[in-house]
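Scroll down for the structure; my scribbles are underneath it.
Below, each value reflects all heavy atoms present in this structure, side chains not excepted, and no hydrogens, waters or symmetry copies.
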Amino acid sequence: MRSAAVQAQRLAGQALPVPQSTMEPLVPPDVTAELTQILSNLVLGDNEIRSNAEVVVDERLSHRPDVYLLALTQFATRPDTVEVMRSFSLVLLRRLLFRASPGSSAKSPRMTLYDRLSSQTLTTIERILLHSLLHEQIDSVRRKAVDTICDLANNSMERGRPWHALQAQAFSMCKGADPSARDSAFRIFAGCPNLVMDLQTDAVLRVLQDGLQDRQSVEVRHAALRASVSYLTSCDQHQVAQSLSLMYPMLDTLPSLSHAHLPKFLNTLTPLTTSHPQLFAPHLHALLSFLPALIIPSADSGPTPTVARPFPGTQSFTFPPTPNGGPVDDDELDEEAEEVRKAALEFMISLSEAKPAMVRRSDGWVSAIVRGCLGGMGELRDDELSSWLDADPAEDPTDDAYPHVYEQSLDRLACAVGGKAVLPAAFQHIPGMLASHDWKLRHAGLMAIASVAEGTSKVMQNELGKVVDLITPLFLDPYPRVRYAACQCIGQLCTDLEEVIQAQYHQQIFAVLIPTLEVPEPRVHAHAAAALINFCEGVERDTLLPYLDPIVERLLKLLNPAQDGSRPTKRYVQEQAVTTLAMVADASETTFAKHYSSIMPLLLNVLRNANTSEYRKLRAKAMECAGLIAIAVGREVFRADAGAFVELLIRIQNSPVDPSDTMLPHYLIATWAKVCQAMGPEFEPYLPVVMPPLFRAANAKADVSVYEDEEAPESKEGWDIIEMDGQQVGIRTSAIDEKCQAFETLVIYCSTLGARFAPYLQQSLEMVLQSLRFVLHDGVREACALVLPMLISCGKASNAIDGDMVGNVMQHVASVISQETDSTFLASLFKCATDSMRAWGDGTPETRVALENAAKQQLQALADRRKARSARTAAEIEEDREDLALLEEMEEFALEELAKMLAIFDPNHPLLIAIPSVRDLGLGLGAWDGDGDGGDE
C-alpha cells in the first residue's frame, strides 16, 4: 500500500511527453482527410449515405486499425474540430475500441480491436486523451472524454495493462485550481475505481473528503460523491471497515444543497443503500432530522378550524402542501420540489427494503415514509374528471399526472417492513382521510389501504372487519373517482387476503359491489366488474351461489344492453363483462348451467363477427370466457355447442397472421386447453390441429439481444432490458412466457387424454428433457418436472415406451438433479423422480445408482451451505433473518421430497439417516413469515 500523493507525484514524473499540440500530424494527411469525410457522412440523416460510411469504417478497421483509431483519437481532440463532432468522435472511439474485431474466431470470441493494437499505438492514444482531458474547454466534450478514458482504463486493467499516467494526472487534477479539472478527476475515479483500490486507504479518503467539501463548485462535490460511492461499492469488507468515516462528509453534502441539486445527490447515494445498507446505520438519526421535511407535505390550517378539520374526532390533514398558507394552484406545482420529494422517498424506500430490521428500530422512520406517501397520493387534479370519465382505462390521458410513485412506494414499504410497523402509522391518518371533505383525500385513503394490503395482510386480518366498515360506505360517495377507488380497494383486499375476506365479509361486499355494476359511469361499473374477478378467485362455491343470479343479470346488461340509445356501450366495458362472466362461471361450476343458454350464443356471435383490429381484445376475452364456461357446465351441457366453438377456433387459428396481434397466440393456446378439459377424451380428434402450434411455442428459443453502450432501446412490451457482464442485454420475455404456457398446456393434454396422447409422446419427451435446464424461466422447468411422470404413465398405458427408454429418461433427471442449485426447483425434481418411478414401476439398478449419487451430492451441498450460514455472526443472521428463513424453508421442502424418493428404493435407505443431520445444521429460524415482520421486536 502506498500513499496516494507520493505515488501520484512519482508517477507524474514518469508520464510520457505529449505533443505540444494535437495538431501535430500522427497519421498521413490523406487518412485524416478521408476520416473527416467518413465522420461527416456518419452523422447525416440520409440512411443510405450513413450505411455506406459504416461499411467503409468496417473495411478500414479490418485492415489498418492502428492508423484509423489513432486518426479518430486525434480528430476527437483537435481544437479546430467542431464541438459536436468532437463529442461524436469520442463516443465512436469508445465503441470501436472494444467491439468485436473482424478477426474474432471461435477460439478467441472476445477479441476486440483494442487487442489488435500495438503497444505503441495504445500508448499514443492514451497520451492524446490525457492531453485532451487537460485542455478541453467545453464541459460536454470533456465529459465524453472522461467516459472514453474510463472505458479504456477499465478494459486495459482487465487485460493487465495499468495506466499509471492517468492515475498520476487524476490525482494532480483533483488538487488543482480549476473546478472543471477537479470535476473531471473525480468523474474518472467514479468511472474507474480500480485506479485507487491498491493505494493507502487513508490517503484515498483524504482526497475524496477534500472533493466532498469543495467550497467552490457543487459539481465537484457531486463528482466526488459519485467517486466515493463507486469506491465504497468496489471495496472489500476490510476496506469498507476502514472507510466508515467517509460517510460523514458524504452525507454532509446534502443539507446545504438547493432543490435544483438535491435530487442528483440523493440519486447518487441511493444505490449504496442497496449494496451497503449497513453503512447508514449510525446515521439514521441524522437522516431523520433532514429527510422527512423533504417528503412530508406541510399542513394547511384552512380558513376556519371547521374547514381544516371538519371531523374533530378524527385525525385529518390536508394535501398538497400550500405555499405560505395560500391556496393550491394545481397548474403551478413546483416540479423542482417534486423531484426532491421523489428522490428522497426513493432513498428511504431503498434503504428500508435493503435493511428492514434496521429501519424498524429507528423510531419515526417508517411513520415519516408513510406520511410522505399519503401526502403524495392525495395530489390529484380537480379539473380532470370529465377527461377521466370519457377515457378508455388503457389510454387514459390523466394517467400521466397520477401519483403512481407514492402508491408504489407505500406498497414497497409495507412488503419490506411488514404490518406491525406500517399499519399503525398508516391508520393513524387513513380514517381521517376517508372522512375528509376533500374527494382527493378520500380517494387517497382508499388507495392507501389497497397499497399496504399485500405487505400487511397477516396483521390486517386481525382488524379486517373495521377496515371493511371503513371502505363500504364510500361505494355511495358522490364523487365517481372515489367510488372507483373503493372498487380498487376491495378488489385488492380480495387478492391479498384471499379466502379470508370472501368467507367472513361476503355479505357486506356484495351489498355494495353488485349495485355498483349499475351506476351510470362506465369506468366505475367496469371496475366493479373487475373487483368481482378478484372476489371470485378466492370464494367458495356455496358462498357465491346466493348472489349468482343478480351478478349474471347485471353483467349481461353490461355485455348486451338494451338498444334504446340511452347509454351506448363502451367496448372496454364489454371486455370486462366477458372476463368477469368467465370467472363467475369458473367459481360457480355446474350451477352456472342455468345461465349457459343466455351467454354462450352471445360469445359465439362475438367470435363470428369480431374480426377487425379494434375488437381483438373482445374476441380474445370471448374465447377465454367460452372455454371457462364449458369447463364449468360440463361435457354434457357443452356438447351441443362444442362443434361450432371448435370450428370457430380453427377458423381463427388458420386466419392470416397479424404480427401486431400479440394476444391471439396466447389466448388460442389457453382456450384449446380449456376445450380439452371440458371435452375430455372426446377432444382426441383435434390433437392434429392443436399440437403443431403448441410444439412451435414450446420449442421457441430465447430471443436475446446485446446492445453496446447507449444503444439499448427503451423498455417495450414483451421485453426486459437487463445489465449482464457490463453489457445491456434485451430478453424477449413474451416468447419465453408463451413457451411456459405451452408446457403448462402439455400438462393438461397429457393428464386429460392419458394413453390417447401417445402419438405425440416421443416429441414431447424430447422437449421436456431438454427444457428441464431452461434457466431463463422457472415456470418452464416446473411444468416440465410436473408433466414428465404423466408422459411416462401415458407411455406405459399405450405401450409406446420401454424400460430402456425410461432408464435413459431417469438418467437425464439424475444428471439435472446433481447440478441443480435452486432449492425450490430441487424439491420439484425429487418429486418428479419419485412420481416417475411410481408411474413406471421398479427402475433399473443403473437408475437407482444415478439417483442415489445425485442425492449424495445434493445432501453434501445443502450441508455445506448450511454450515457456511451458521458461521456468520449473530448480527448478520439477524439482519437477513427473513431471507434466510425463506431459503431454509425451501431447503426443507427439498429434503422432504428427497426422503420420499429414497423411500421408493428402500424404506430404510441408509441415506435417510443423513437427512436429519443436514436438517439440524439449519439456523432454526422457524417458518418464513411472509408478512416481513421478522417476529416481535
| field | Audit row: Arg360, Glu882, salt bridge (charged side-chain N to carboxylate O under 4.0 Å, His left out) steps and yes/no | value | CA-CA 14 Å; Arg360 279 197 296 262; Glu882 293 152 17; 3.2 Å; yes

| Do Phe280 and Leu272 have side chains that get closer than 4.5 Å, going by heavy atoms? | yes

| query | Is it the case that Lys739 places NZ or CZ above or below the six-membered ring of Phe774, under 6.0 angstrom from the centre and within 45 degrees of the axis? | reply | yes

| message | Quick check for you: to the nearest 0.5 Å, what is the distance between Leu410 atom CG and Ile369 atom CD1? | response | 9.5 Å

| field | Residue pair Ala894 / Phe830: nearest heavy atoms and the distance that separates them | value | O-CD1, 3.5 Å

| query | Is Glu892 salt-bridged to Arg866, cutoff N-O under 4.0 Å? | reply | yes

| field | Check against side-chain hydrogen bond (donor to acceptor under 3.5 Å, both in side chains), Glu346 and Ser350 | value | CA-CA 6 Å; Glu346 179 60 30; Ser350 296; 2.9 Å; yes

| task | Start with the C-alpha distance between Ser764 and Leu761, add both sets of side-chain angles, then the distance that settles side-chain contact (heavy atoms from CB on, under 4.5 Å), and finish with yes or no. | result | CA-CA 5 Å; Ser764 298; Leu761 177 63; 5.6 Å; no

| Non-hydrogen side-chain atoms of Ile349 and Thr273 separated by less than 4.5 Å | no

| field | Sequence neighbours excluded, every pair satisfying side-chain hydrogen bond (donor to acceptor under 3.5 Å, both in side chains) that has a member inside residues 848-862 | value | Arg848-Glu852, Glu852-His909, Gln860-Asp864

| So do the side chains of Leu772 and Leu829 get within less than 4.5 Å of each other, counting heavy atoms only? | yes

| message | I'd like to check Met358 versus Ser362 (side-chain heavy atoms, cut-off strictly below 4.5 Å). Are they in contact? | response | no

| Closest non-hydrogen atom pair, Met460 against Val452 | CE-CG2, 3.9 Å

Side-chain donor/acceptor pairs under 3.5 Å, residues 792-801, sequence neighbours excluded:
residue: Lys796; atom: NZ; partner: Trp840; partner atom: O; Å: 3.1
residue: Ser798; atom: OG; partner: Cys794; partner atom: O; Å: 2.8

| task | Give the intermediate values and the outcome of side-chain contact (heavy atoms from CB on, under 4.5 Å) for residues Leu694 and Met691. | result | CA-CA 5 Å; Leu694 187 78; Met691 290 308 296; 3.8 Å; yes

| Hey, what do you get for CG (Leu826) to CD (Glu897), rounding to the nearest 0.5 Å? | 10.0 Å

| request: Walk me through it: do Thr495 and Asn534 pass the test side-chain hydrogen bond (donor to acceptor under 3.5 Å, both in side chains)? | output: CA-CA 6 Å; Thr495 296; Asn534 299 60; 2.7 Å; yes

| field | SB check Arg881 Glu888 (cutoff 4.0 Å) | value | no

| Counting only N and O atoms by type, is there a donor-acceptor contact under 3.5 Å from the side chain of Gln811 to the main-chain atoms of Leu851? | no

| said: Looking only at the side chains, is there a donor atom on one of His666 and Glu738 sitting less than 3.5 Å from an acceptor on the other? | reply: no

| query | Can any side-chain N or O of Ser818 pair as donor or acceptor with the backbone N or O of Ser815 at less than 3.5 Å? | reply | yes

| Closest heavy-atom contact between Gln502 and Leu497? | OE1-O, 3.8 Å

| query | Are more than 12 heavy atoms from other residues, nucleotides or ligands located less than 6.0 Å from atom CD of Gln278? | reply | yes

| query | With sequence neighbours left out, what residues match Ser751 under side-chain contact (heavy atoms from CB on, under 4.5 Å)? | reply | Met790

Please tabulate, one pair per line, all N/O donor-acceptor pairs under 3.5 Å involving side-chain atoms of residues 776-787, not counting sequence neighbours.
residue: His777; atom: ND1; partner: Gly779; partner atom: N; Å: 2.9
residue: His777; atom: NE2; partner: Asp737; partner atom: OD1; Å: 3.2
residue: Arg781; atom: NH1; partner: Glu820; partner atom: OE1; Å: 2.7
residue: Glu782; atom: OE1; partner: Ser828; partner atom: OG; Å: 2.6
residue: Glu782; atom: OE2; partner: Ser828; partner atom: OG; Å: 3.2

| task | Not counting sequence neighbours, which residues clear side-chain contact (heavy atoms from CB on, under 4.5 Å) with Asp802? List them please. | result | Asp804, Met805

| request: Dump the intermediate steps for salt bridge (charged side-chain N to carboxylate O under 4.0 Å, His left out) on Arg869 and Glu891, then the final yes or no. | output: CA-CA 13 Å; Arg869 281 184 225 127; Glu891 291 175 351; 2.4 Å; yes

| query | Looking at CZ of Phe743 and CD1 of Ile748, how far apart are the two atoms once the value is rounded to the nearest 0.5 Å? | reply | 14.0 Å

| query | Out of curiosity, Leu628 CG to Asp586 CG, how far, rounded to the nearest 0.5 Å? | reply | 5.0 Å

| Shortest non-hydrogen contact from Ser870 toward Leu921 | OG-O, 3.3 Å

| said: Closer than 4.0 angstrom, basic N to acidic O: yes or no for Glu896 and Arg919? | reply: no

| Side chains of Ser243 and Gln239: do they bring a donor and an acceptor to under 3.5 Å? | no

| query | Between Thr821 and Arg865, does any side-chain donor sit less than 3.5 Å from a side-chain acceptor? | reply | no

| task | Identify the two heavy atoms, one from Pro277 and one from Leu351, that lie closest to each other, and give their separation to 0.1 Å. | result | CB-CD1, 3.8 Å

| message | Using side-chain contact (heavy atoms from CB on, under 4.5 Å), reason through Lys900 and Lys831 one step at a time and then give a plain yes or no. | response | CA-CA 8 Å; Lys900 294 175 184 177; Lys831 187 176 189 305; over 6 Å; no

| Is a side-chain donor-acceptor pair under 3.5 Å present for Ser457 with Asp496? | no

| said: Would you say the ring centers of Tyr760 and Tyr749 fall short of 6.0 Å from each other? | reply: no

| request: Over all heavy atoms of both residues, which pair between Ala855 and Leu898 is shortest? Give the atoms and the distance, please. | output: CB-CD1, 3.5 Å

| Going through the checks in order, is the side-chain contact (heavy atoms from CB on, under 4.5 Å) test met by Phe757 and Leu791? | CA-CA 9 Å; Phe757 190 72; Leu791 292 171; 4.0 Å; yes

| message | Could you check whether any side-chain heavy atom of Leu765 comes within less than 4.5 Å of a side-chain heavy atom of Leu788, counting everything from C-beta outward? | response | yes

| Point-to-point distance, once rounded to the nearest 0.5 Å, from CE of Met197 to CG of Asp236 | 7.0 Å

| query | Does the side chain of Val366 come within less than 4.5 Å of Val370's, by heavy atoms? | reply | yes

| query | Rounded to the nearest 0.5 Å, how far apart are OG1 of Thr824 and CG of Leu886? | reply | 7.0 Å

| field | Pairwise salt bridge (charged side-chain N to carboxylate O under 4.0 Å, His left out) hits with a residue in residues 749-767, at least two apart | value | Glu684-Arg756

| Do we see a donor-acceptor contact under 3.5 Å between the side chains of Thr745 and Trp672? | no

| Is there side-chain contact between Leu912 and Phe905, with heavy atoms separated by less than 4.5 Å? | no

| Sidechain-backbone polar pair: Ser234 side chain, Ser230 backbone, donor-acceptor under 3.5 Å | yes

| said: For a 4.5 angstrom cut-off between non-hydrogen side-chain atoms, does Cys415 reach Glu454? | reply: yes

